[in-house]
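One structure is given below, encoded as structure tokens.
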Protein chains: 2
Amino acid sequence: MTQAEVGSDRPAPPRTRRDRDNIRELLLESAIIEFGEKGFEGASTRSIAERVDAHQPQINYHFATKAELWRAAVDHLFAQLSKALGDLEPGADVAETFANVVRRLVEFSAARPQLHQIMTHESGSPSERLTWLTDTHVRPRYLELRTIWTQLQDAGIAAPIDPSLIHYVLIGAASLPYLNIAEARLLLEADPASAAVIDRHVDGLIATLLPGRTDPIRK
Amino acid sequence: MTQAEVGSDRPAPPRTRRDRDNIRELLLESAIIEFGEKGFEGASTRSIAERVDAHQPQINYHFATKAELWRAAVDHLFAQLSKALGDLEPGADVAETFANVVRRLVEFSAARPQLHQIMTHESGSPSERLTWLTDTHVRPRYLELRTIWTQLQDAGIAAPIDPSLIHYVLIGAASLPYLNIAEARLLLEADPASAAVIDRHVDGLIATLLPGRTDPIRK
DNA sequence: GTCTATAATTAGATAGAC
DNA sequence: GTCTATCTAATTATAGAC
């Protein structure tokens with residue numbers, strides 16, 4: 001019997017109690033990272049709690065179940081996306097609006113790759129989580145982008161991508177280096193999340209997707 | 001005590017033995033699907049075995065560990081990719097070579113979404129599996145595509161995408177509807193894996209990425 | 001609201017009969 | 001080579017002291 005196993009009658013280990021008024025936000029942020037890296041099944045509530053120096057049952061206290069924690073994390077991320085994309089001004093030039101969306105989308109994908117990571121973990125096979133995600137957060141954006149793209153094609157500005165596919169073409173091309181950030185760090189010579197790489201990425205995408213655009217910088 | 005729990009002294013349930021000479025391939029194919037849908041941690045060897053009506057220990061018999069099963073599945077998938085992409089003929093027209101790669105890549109992504117699904121499950125955070133995957137299978141393709149793209153840009157045929165990013169832009173734009181196949185089925189009106197959607201996707205990508213190309217069909 | 005202890009389930013791997 | 005039985009470890013959720 002080892003020394004550590006002896007003292008079953010010793011007083012309980014005197015761990016100090018950690019009260020924090022922002023523990024819910026800390027757990028949420030930790031969950032976003034773990035769900036992004038490992039997916040719903042792969043992430044463990046123990047690991048999510050320990051990442052912010054909390055105990056596993058605190059998750060059940062603050063979020064009831066792992067599924068509700070996941071849902072709160074996704075809501076939180078999509079709220080951040082909405083804020084990052086900003087409001088689309090109805091009267092503004094459509095090409096400039098689209099170019100702004102591309103820039104903000106790439107910047108958000110680099111800053112918060114977890115959103116696309118979680119989306120992709122869920123979107124490979126049907127599930128209750130995927131249905132909720134699609135109905136609540138994805139379809140409205142899919143339809144809005146399709147409308148804008150049709151306008152741009154009618155105006156002769158946009159590349160010949162089918163409007164029903166532009167959502168996937170744009171998001172795929174804009175997010176993959178950050179979705180696959182650990183791989184990109186192994187492949188690229190520069191830091192994929194650096195401002196220089198992001199700028200080159202954004203400028204290339206805009207020029208490629210809107211070949212008929214009059215660049216406001218050069219006009 | 002229920003009827004089912006009574007007979008602990010009954011003869012063992014007479015399950016019929018299932019010998020199959022292709023069981024290794026069956027397990028491999030099943031593993032590809034499960035690893036694609038759920039990732040390495042999320043997939044269970046029990047579920048992989050039961051999908052082809054086998055028992056869980058058969059996996060350890062044929063592949064020793066779950067990690068070696070995963071590795072064999074990835075090798076199998078990349079061998080299929082190599083076969084689908086075909087050999088690049090060094091003397092051929094570079095623009096036609098690239099257009100062929102795009103078409104075959106989209107078709108392969110639609111037929112075998114599991115390759116990109118597995119890649120993305122692994123590429124979000126560092127791991128031994130990711131390092132092996134990148135060194136063995138990804139980097140050679142990344143470098144080859146970068147070279148071809150630089151040639152196309154020098155010839156004035158290619159869109160203004162940075163050569164160090166074309167790998168991600170192309171693969172992201174080409175594979176996302178199939179990587180996220182369950183979501184795409186909820187969003188698109190047509191079947192994302194139908195020949196009609198694939199053709200529109202391919203034609204749009206080639207025309208967008210190679211705006212300076214003389215389309216061999218129309219010339 | 002935080003913490004320890006633990007229940008209930010499930011995972012990957014192994015032993016040994018056949 | 002297939003199969004049952006089982007080991008050990010890890011999982012989420014719960015009970016109850018503080």
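Scored by the side-chain contact (heavy atoms from CB on, under 4.5 Å) test, A/Gln80 finds A/His76, A/Leu77, A/Phe108, A/Arg112 as partners (sequence neighbours excluded). For B/Ser82, the side-chain contact (heavy atoms from CB on, under 4.5 Å) partners two or more places apart in sequence, or in a different chain, are B/Arg141. Every side-chain contact (heavy atoms from CB on, under 4.5 Å) that B/Arg18 has, sequence neighbours left out, goes to B/Arg20, B/Asp53.
Between A/His55 and the phosphate of C/dC3, there is a side-chain N or O to OP1/OP2 separation shorter than 4.0 Å. In terms of phosphate contacts, B/His62 brings no side-chain nitrogen or oxygen within less than 4.0 Å of OP1 or OP2 of D/dG1. OP1 or OP2 of D/dC3 lies within a sub-4.0 Å distance of a side-chain N or O belonging to B/Gln58.
Centroid-to-centroid, the aromatic rings of A/His137 and A/Trp132 come within less than 6.0 Å. Ring centroids of A/Trp149 and A/Phe98 are separated by less than 6.0 Å, placing the two rings close together.
Of all non-hydrogen atoms in B/His121 and B/Gly36, the two that sit nearest each other are NE2-O, 2.9 Å.
Distance CG (B/Asp53) to C1' (D/dG1): 16 Å, rounded to an integer number of Å. Atom CG of B/Asp21 and atom P of D/dT2 are 10 Å apart (whole Å). Rounded to an integer number of Å, the gap from CD1 of A/Ile48 to P of D/dA10 is 17 Å. Rounded to whole angstrom, the span from the CG atom of A/Leu69 across to the P atom of D/dT12 amounts to 10 Å.
If you check residues 24-38 of chain A against DNA chain C, you find no residue with a heavy atom closer than 4.0 Å.
For B/Arg103 and B/Glu107, the salt-bridge test passes: some basic side-chain N is under 4.0 Å from an acidic carboxylate O.
Residue pairs meeting the side chain to side chain donor-acceptor pair (under 3.5 Å) criterion with at least one member in residues 174-187 of chain A, sequence neighbours excluded: A/Tyr178-A/His201, A/Glu183-B/Tyr168, A/Arg185-A/Asp191.
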Revision key, fill the gap. Its contact letters, B for base, S for sugar-phosphate only and - for none at protein heavy atoms under 4.0 Å, make nucleotides 12-18 of chain C read BBB----
